[in-house]
Amino acid sequence: MISFECVSKFHEGVAAITDLNLHIQAGELLVLLGPSGSGKSTVLKMVNRMVNHDGGEILFKGKNINGFDVQDLRRRMGYAIQSTGLFPHRTVAQNIATVPRLLGWKPRRVQARVDDMLTLLAMDPKAFSHRLPHQLSGGQQQRVGVARAMAADPDVLLMDEPFSALDPVTRAALQLSLKEIHRATGKTILFVTHDIDEALLLATRIALLNQGRLVQVGTPLELLQQPANDFAADFLGRSDAGLKQLSLRPLAPHIKALEGAPALHTISHTATLKETISLMATHRVSVLSVMDEHKAVLGQVQAADLLEN
Ligand code: ADP
Ligand code: MG
């Protein structure tokens, strides 16, 4: 969907991005991860030409982005940022309708789309459509920002630290919403963050940047298990990398047949190893019954089995 081929960018002679090669497939949720100043936002802004690259080529659907009309390119890529960029004097509905209106959609279609977007982001259209941005909480503003970015059904969503300014609870809720939206729509999403936990939770693949260079690209588990160098190992948090892996690993391969009566405490077969171990610790037990989606006992899991690969 998007390819960077040996792309570089200089700011006043200083390299911000050096020789970037990265290929993003349709349907990926690729997270650009790295410390502040590593070039994440620059990469994102080069995609929709808010920043022009100096060397190499960027392809969108196989075509050089410089060959697109720039407005057309931007309308095909939703863009959501930390400060939301909502128009303060326009209602929630008018904000979300921005690009559909520019594209000349009929009012009835625009209205239906606004309602759908608000519903998708768990906001009641009746309650929120006519509010102004300042009449919303930070989390709600951010939801409207995401709704606006998605309103015209763009091919790609570009998101630059959209949840960074939110409190942890709101942030976690929005992360789950985004994960669900990605699962349901199959959209290609390019998501920037400096937060390793956010990256591990959301990404299908992570591209790790440092000082304008791509350090490593791979699945969250690949980065945790096989960091490419010391920087990657440090950044991913050597100390609790083991714990982080547990939250990415499913319980399913560790389920064994029932031995005797089912254990009192139960866990879903879709749980992660981290959830399984937490539950064992909470109840001070070493065996749990594993339930399927109909709450029928599938088998059991023992603490000792979890350490097997
Ligand atoms: P990140 O998003 O990872 O924090 P940025 O992409 O914003 O990093 O910035 C990468 C580097 O480019 C930084 O060193 C930053 O200071 C520099 N930079 C970014 N934008 C500009 C600009 N408009 N003018 C000069 N330097 C810039
Ligand atoms: Mg940035």
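Just follow the structure's listing: the first ligand is 1, and inside any ligand the first atom is 1.
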Next on the checklist: Quick check on side-chain contact (heavy atoms from CB on, under 4.5 Å): which of D153, V156, L178 does K187 satisfy it with?
Outcome noted: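 Going through the options one by one, the only one that passes is D153.
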What residue and heavy atom of the protein are closest to [atom], and at what distance?
{"atom": "atom 5 (P) of ligand 1", "answer": "T42 OG1, 3.6 Å"}
{"atom": "atom 27 (C) of ligand 1", "answer": "H11 CD2, 3.1 Å"}
{"atom": "atom 8 (O) of ligand 1", "answer": "G39 N, 3.2 Å"}

Next on the checklist: Taking a cutoff of less than 4.0 Å between a non-hydrogen atom of the residue and any ligand atom, is G37 in contact with ligand 1?
Outcome noted: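 Right, G37 reaches ligand 1.
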Checklist entry - Would you say P35 touches ligand 1, if touching means a heavy atom closer than 4.0 Å? => result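 Distance cut 4.0 Å: P35 passes for ligand 1.
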Item to check | N or O pair under 3.5 Å between A16 and ligand 1 | outcome: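 Between A16 and ligand 1 (N or O atoms, distance only) the closest approach is not under 3.5 Å.
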Item to check | Contact (N/O only, under 3.5 Å) between S41 and ligand 1 | outcome: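 Yes; at least one N/O pair falls below 3.5 Å.
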Next on the checklist: Which of the protein's N, O or S atoms come within less than 2.8 Å of the Mg ion (ligand 2), not counting waters?
Outcome noted: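 The answer is S41 OG.
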Next on the checklist: Would you say atom 15 (C) of ligand 1 makes contact with the protein, given that contact here means a non-hydrogen protein atom less than 4.0 Å away?
Outcome noted: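 Under 4.0 Å from atom 15 (C) of ligand 1, zero protein heavy atoms found.
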Any heavy-atom pair between the side chains of [Y] and [X] that's under 4.5 Å?
{"X": "L33", "Y": "L209", "answer": "no"}
{"X": "V31", "Y": "L200", "answer": "no"}
{"X": "Q302", "Y": "H254", "answer": "no"}

Next on the checklist: If you compare all heavy atoms of H11 against all heavy atoms of A16, which two are closest, and at what distance to 0.1 Å?
Outcome noted: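 So the two residues come closest at CD2-CB, 3.5 Å.
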Next on the checklist: Minimum heavy-atom separation for P100 and V110, please, with both atom names.
Outcome noted: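 Distance-wise, the nearest heavy atoms are CB-CG2, 4.1 Å.
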Next on the checklist: So does T18 get a backbone contact from the side chain of R213, meaning a donor-acceptor N/O pair under 3.5 Å?
Outcome noted: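 Checking the backbone N and O of T18 against the side chain of R213, no donor-acceptor pair under 3.5 Å is found.
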Next on the checklist: Under a 4.0 angstrom heavy-atom cut-off, which atoms of ligand 1 come close to S36?
Outcome noted: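 Those qualifying, in numeric order: 4 (O).
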Checklist entry - Are R143 and F128 in a cation-pi setup, meaning NZ or CZ lies under 6.0 angstrom from the ring centre and within 45 degrees of the ring axis? => result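 Pair R143/F128 does not count as cation-pi.
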